[in-house]
K.L.:
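One structure follows; several queries about it will come next.
Positions are given from 1 along the sequence. Start at 1 and go down the list; that is how both ligands and their atoms are numbered. What you see below is based on every heavy atom in this structure, not just the backbone, and it leaves out hydrogens, waters and symmetry mates.
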Amino acid sequence: MYELKKIDYSFDALEPVIDAKTVEIHHTKHHQNYMNKLNEILERNSLDTSKPLEELVLDVADLNDEDKVGFLFNIGGVINHDLYFKILKPGGSNEITGTLKEGIEKSFGSVDAFVSEFTKKASTLMGSGWVFLVINPNNELDIVSTNNQETPISSGFEPIMVIDVWEHAYYLKYQNLRPDYVNNFLNIINFDVVEKLYDEKIQKNI
Ligand code: MN3
């Protein structure tokens, strides 16, 4: 069935922003567990599993009724964590430049305004969930949050950047200080990867 994507840096590569133990548990236990549970559900349903997960998630209507909730939770868990680990950069962020900068300025007014809104949403989201930078159906950038493991793909958005605000993402180091985690997190985002995703998806939509 589906296999978990490897992360292409070591568990300690995001220190000091995210500690090695947190990255290790997050990827090898939490992320892996969503994949295992998803495969268990797919084994007893007949879906086209040759598709990428980002397309498969839209086939939820084809599942047995009793598996629909578990399917959305676990496939969202895999997709969201794939993006999360993909957009992080050992050694720290690069600048927001090029087409991504233009898109952000068009949708939010300025990079500072975007960072401020993203930080606020991620710091104040209640309970467990995610905050995303997405391309909305009008091909503009937007910030959306989801609860639990829901992916915004289910609502017609294309996510290109994300922060995981489940406590398992930061609790060992930050405990209750989620705003500190959020502020530091913005310093390890690989904006070149985010820009590449932005360019690919905008091109596809034209
Ligand atoms: Mn997580």
K.L.:
Set out, in order, the CA-CA distance, both residues' side-chain angles and the distance that settles side chain to side chain contact (heavy atoms under 4.5 Å, CB included) for F71 and L56, then state yes or no.
P.N.:
CA-CA 10 Å; F71 171 78; L56 190 73; 4.2 Å; yes

K.L.:
Can you tell if the side chain of F132 reaches within under 4.5 Å of the side chain of I163, non-hydrogen atoms only?
P.N.:
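Of all side-chain heavy-atom pairs linking I163 with F132, none is under 4.5 Å.
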
K.L.:
Does any N, O or S atom of H30, backbone or side chain, fall under 2.8 Å from the Mn ion (ligand 1)?
P.N.:
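Of the N, O and S atoms in H30, none lies under 2.8 Å from the Mn ion (ligand 1), which means no.
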
K.L.:
Applying the ring pair (Phe, Tyr, Trp, His ring centres under 6.0 Å) criterion to H26, which one of Y170, W166, Y171, F85 satisfies it?
P.N.:
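Output: one option passes, namely F85.
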
K.L.:
Which angle, to the nearest 10 degrees, do you find at the Mn ion (ligand 1) between NE2 in H81 and NE2 in H26?
P.N.:
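My answer is 90°, to the nearest 10°.
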
K.L.:
Which atom, among the N/O/S set of D164, is closest to the Mn ion (ligand 1)?
P.N.:
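Closest N, O or S atom of D164 to the Mn ion (ligand 1): OD2.
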
K.L.:
Answer yes or no: does atom NZ of K68 have more than 12 heavy-atom neighbours from other residues, nucleotides or ligands under 6.0 Å?
P.N.:
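Check passes, neighbour count above 12.
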
K.L.:
Return yes when at least one N/O/S atom of H168 is nearer than 2.8 Å to the Mn ion (ligand 1), and no when none is.
P.N.:
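Looking at H168, which is the residue asked about, there is an N, O or S atom under 2.8 Å from the Mn ion (ligand 1).
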
